[in-house]
Undergrad: 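Quick one: the structure is below, and I'll ask about it shortly.
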Amino acid sequence: MAEAADFQGTSASPARRWLRRTGALLTGAPLLAGLLQLPAATPADAAGQESLQAAASAGSVSVAVDSLTPSAPSEGDTVTVSGTVTNNGKQTVTGAHVDLQVGPPLETRSSIDTLAKKSDDLQGPSGEKVGGKYTEKYAKLTPGVAEPFSISVPADKLDLGRDGVYQLAVSLSGETSAQPWDQVLGIQRTFLPWQPEEADTKTKTTFLWPLVSSAHMAAETGSNEQQTPVFRDDELAKEISPGGRLDQMVSLGKGLDVTWVVDPDLLASVDAMTRSYQVRGADGSTTPGRNQEVAKHWLAELQQAVTGEEVAALPFGDPDLASLAHTGTNVTGSLGHLKEATDVADETVDTILHVKPSTDFVWPVDGAVDPSIVKVATSAGADKVITRSDSLQDNLSYTPSAARPIGGGTTAVVADSRMSTAFQGDLTKASASTLAVQRFLAQSLTLGLQTGKQRSVVVAPQRMPSVSQAQAMAEALGALQGGNWSESQDLTAATKAKPDPSANTRVPSASAYPSALRKQELPRAAFEQIARTQGKLDKFKVILTRQSRVVTPFGRAMNREMSTSWRGRGVAAVGYRDGIESYLNGLIDGVKLIQKSETKLSGRSAMIPVTVQNNLVQGVEHLELRLTSKNPTRLKIGGDAYDEQRVAVNGGHAQSVKFTTSANANGRAEVVAQLYTEDGQKYGAPVTFDVKVTEVTPTVMLVIGGGVLLLVLAGFRMYTHRKRAAAREAAEDDTAEATDETDGSHDREDAPQNPESSGARLKEEDGADAEADASEQPSDPAPDTAAESADPSGTGERVDR
């Protein structure tokens, strides 16, 4: 299709064309005469001439246009162009002067692209010099030295005619000792939009203002009631601090009529920073975060900025839809994470910003789509896909409105690719920023002049603009909103605009998806690891008494694992996923069985204790502990091969569970202890130990019999001793009686009147001995159940009988 078809009904007047052609002939006559006098170039000189031409096209003097104000002048304005000229050659330039040159209107949007690519080419068209006093002269330009310039000229002196985009060139001319004649040594071209009066039909422009960052929060939280969050680094604080990228996005966007596109994860992260939080250092240690006031200030500024403006919320964590569509859908459960991320977005934005966001938009990377991406986007509930015109292309001579149906009740919002990519690249230099602004405005005005019909245009810039890019965007948007050919419109209104019947509604095939973008996608292994982490979380959460303390932070962390921000950062993405899974593994291992050594069983039955340790902050329940005998013919557990009991352990405690066992034969029996969840799934690693069974043996009986014999002998000895003592006492009494009879009858009155007195004395002695024996008996044995301990059982541990 002809290039001029991009711009209908805008041909130059015959008189103006004749003047331009005549001027070109007169200007080229001396040059042609000089060329005719030169000898023909030999083949040997061809390569050298090509090198000279290449060097000449760049120019020995660089011209930088740092400022052009106003960006879109009107009648009565004075246009001021400022910048610097730098002599990059080795020779001093004398008689130098800077001139402004105005070229004819650029008829098409593609001609703007062409000129932008060759903005400093000496061989390209440059237009007519304004001349007169609107020039700046230098006696000389020293090599390597930058000299400033600033030229102000009334708009009516620029000879601007009808509405359109004009080429504005700033050229540096002079002479050197090697070439002692006046010539153009450097040039810089830019664009000058000219729409001095209000357009009859204004273009409705929607500009998306993205607030998106990378993942900063981990799944780890503190053990306190508030669950103090842990940040992977302190980079987010730098972004929201004064002068930071996100600080600039808020302050610059506050005065503009834009649609804010927000990742809820960013809001949740900054909101977490307004309270107590921890920051993990490179060595793995954590330190208290100290940017609470910065976070509070940024959120307050954002709340003011979005008041009265539309806010579109992306799914939480800004998931990579293309990666999900191309590799994630092959892994079970991946789409479930996208649905969760969409569901939580509304509540997060509403809670923090106090505005009701639009949640039916999705934004694939660079607006590139194919059927699988659209299918994934709509599976999460979104029915509006923000794409770009270099993906969903139109074969038209004009730019149609953004919204168009693509089937299944889904609307494609096709952003203009030229305007959306205008602010990419390094814009830290003022000259690069100025060229980007003027190019954006030129594309916008040319688009509006294509037809007499009103159209809705959407601009979707890069997701995370740098500070310099954001500043250029704000400058361009301010000039556009203050111009005469465009009016602002929010994103929802743009989707409701009447679709152009000639616009393309066919989504490009998968083969058309850019290979450069496909190379940056998350691999299948990433989604497999996310699924593995989710599986572990599902088994873990069922035993918790307060599931939300674990499910919520891990759920949001897995949303971040799928983030678009990991593109081009594969190593960092793997590190983040590994960190999440490793932390979950640590929590799972916090509930475990304590290792046991060999257990001895003396007798046919006993109680075997098994200890469950809970190192978590919260309690666990819904667990069953099963003790299984590998040799039930020798050792039975609870009368069978195994027995199981319910387990509930408070946070930070251990619980011993006792099992009844019975032995049928001597020897060793292997026993396995295993925790299970209520649904029969194994939990944690098993603990295996041996039980040594020893029954009552003849040797033991001999020992017991010997003890009984000793007791009998001791009793017999006591009996004989007492019998002998009684006999001696009786003999002494008989001797005394005989003596008394010899001495006389008067002594008979002193004989004992109570013949049982000696026996009474014997009984008193026996009672005293018994009392003494009783005082020496050992007390009742202390309980053999020690305090709960997480230490492994000792070697040769014995069990309760």
Side-chain angles (χ1 to χ4, degrees), residues 113 117 208 210 212-216 232 235 261 263 265 314-315 317-335 337-338 341 362-380 382 385-393 412 414-415 417-418 420-427 460-466 469 506-533 558-581:
D113 297 335
K117 293 177 182 179
L208 306 186
V212 179
S213 186
S214 56
H216 297 284
R232 301 171 57 242
E235 293 301 312
V261 180
D263 177 7
D265 177 37
L314 299 173
D318 187 20
D320 191 336
L321 300 178
S323 296
L324 265 169
H326 297 155
T327 57
T329 51
N330 297 323
V331 179
T332 303
S334 297
L335 289 180
H337 292 291
L338 177 60
V362 290
W363 187 13
V365 176
D366 288 355
V369 294
D370 61 24
S372 64
I373 295 176
V374 174
K375 183 178 180 180
V376 164
T378 55
S379 68
V385 181
I386 301 172
T387 180
R388 215 165 63 184
S389 60
D390 52 353
S391 179
L392 196 63
Q393 298 180 9
V414 185
S417 61
R418 287 184 170 100
S420 297
T421 59
F423 305 103
Q424 295 180 357
D426 183 9
L427 300 186
Q462 56 272 32
R463 265 176 161 73
M464 290 189 280
S466 65
Q469 290 170 346
R506 184 177 180 181
V507 177
S509 64
S511 61
Y513 190 81
S515 58
L517 293 180
R518 194 178 290 272
K519 291 178 181 178
Q520 295 181 341
E521 292 177 354
L522 294 172
R524 179 189 176 97
F527 294 98
E528 291 175 341
Q529 186 172 14
I530 293 171
R532 184 170 64 246
T533 303
M558 282 185 280
N559 292 147
R560 298 183 187 105
E561 288 181 298
M562 299 164 58
S563 175
T564 302
S565 65
W566 295 120
R567 283 181 170 255
R569 303 167 57 219
V571 175
V574 171
Y576 184 79
R577 293 195 300 270
D578 288 346
I580 300 301
E581 186 175 16

Undergrad: Applying the side-chain contact (heavy atoms from CB on, under 4.5 Å) test to V414, which of V385, I386, V369, T387 qualifies?
TA: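 Running side-chain contact (heavy atoms from CB on, under 4.5 Å) over V385, I386, V369, T387 with V414 returns exactly one hit, T387.
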
Undergrad: How close do P210 and P465 get, counting heavy atoms only, and between which atoms?
TA: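 The pair with the smallest heavy-atom distance is CG-CD, 4.1 Å.
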
Undergrad: Which value, rounded to the nearest 0.5 Å, describes the distance between Q462 atom CD and L208 atom CG?
TA: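 Separation between the atoms: 11.5 Å.
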
Undergrad: What is the distance from atom CG of L392 to atom OG of S417, rounded to the nearest 0.5 Å?
TA: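 Reported value, rounded in 0.5 Å steps: 11.5 Å.
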
Undergrad: For S213 and S565, work out which heavy atoms get closest and say how close.
TA: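 That closest heavy-atom pairing would be O-CB, 4.2 Å.
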
Undergrad: Would you name the heavy atoms of Y513 and I373 that are closest together and state the gap between them?
TA: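 Heavy atoms only, the tightest pair is CE1-CD1, 3.5 Å.
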
Undergrad: Drop me the distance from R463's CZ to S214's OG, to the nearest 0.5 angstrom.
TA: 13.0 Å

Undergrad: Would you say the side-chain atoms of S563 pair up with the backbone N or O of G317, donor to acceptor, closer than 3.5 Å?
TA: yes

Undergrad: Charged N to carboxylate O under 4.0 angstrom, E581 versus R577?
TA: no

Undergrad: Does some side-chain heavy atom of V376 sit less than 4.5 Å from a side-chain heavy atom of V362?
TA: no

Undergrad: If you take all heavy atoms of F423 and Q469, which pair is closest and at what distance?
TA: O-CG, 3.2 Å

Undergrad: Provide the closest heavy-atom pair for S391 versus G367 in the form atom of the first, atom of the second, distance.
TA: CB-O, 3.6 Å

Undergrad: Identify the two heavy atoms, one from R388 and one from S420, that lie closest to each other, and give their separation to 0.1 Å.
TA: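 Where R388 meets S420 most closely, the heavy atoms are CD-CB, 4.2 Å.
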
Undergrad: To the nearest 0.5 Å, what is the distance between CG (L321) and CE (M562)?
TA: 8.5 Å

Undergrad: Look at the side chain of D263 and the backbone N and O of D265, then say whether any donor-acceptor pair between them is shorter than 3.5 Å.
TA: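 Yes, the answer is positive, given that a donor and an acceptor are paired below the 3.5 Å cut-off.
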
Undergrad: Show me, pair by pair, the donor-acceptor contacts under 3.5 angstrom made by side chains of residues 515-523, not counting sequence neighbours?
TA:
| residue | atom | partner | partner atom | Å |
| --- | --- | --- | --- | --- |
| R518 | NH2 | A510 | O | 3.2 |
| E521 | OE1 | H326 | ND1 | 3.3 |
| E521 | OE2 | H326 | ND1 | 2.7 |

Undergrad: So, using ring-ring contact (aromatic ring centres under 6.0 Å, His included) as the criterion, who are the partners of F527 when residues are at least two apart?
TA: none

Undergrad: With D426, which residues qualify under side-chain hydrogen bond (donor to acceptor under 3.5 Å, both in side chains), at least two apart?
TA: T428

Undergrad: Any donor and acceptor pair, going by atom type alone, linking the side chain of T564 with main-chain N or O of D318 inside 3.5 Å?
TA: yes

Undergrad: Rounded to the nearest 0.5 Å, what separates atom CE in M558 from atom CZ in R560?
TA: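 The CZ atom of R560 is 11.0 Å from CE of M558, to the nearest 0.5 Å.
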
Undergrad: Considering only heavy atoms from C-beta outward, does the side chain of L324 approach that of S334 to under 4.5 Å?
TA: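 When only atoms from C-beta onward are counted, S334 and L324 do touch, with a gap below 4.5 Å.
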
Undergrad: Going from CD on Q529 to CD on E561, what distance comes out if it is rounded to the nearest 0.5 angstrom?
TA: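 Q529 atom CD to E561 atom CD measures 6.5 Å (nearest 0.5 Å).
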
Undergrad: Under the criterion side chain to side chain contact (heavy atoms under 4.5 Å, CB included), I'd like the reasoning laid out for V261 against V212: C-alpha separation, chi angles, the key distance, then a yes or no.
TA: CA-CA 8 Å; V261 180; V212 179; 5.6 Å; no

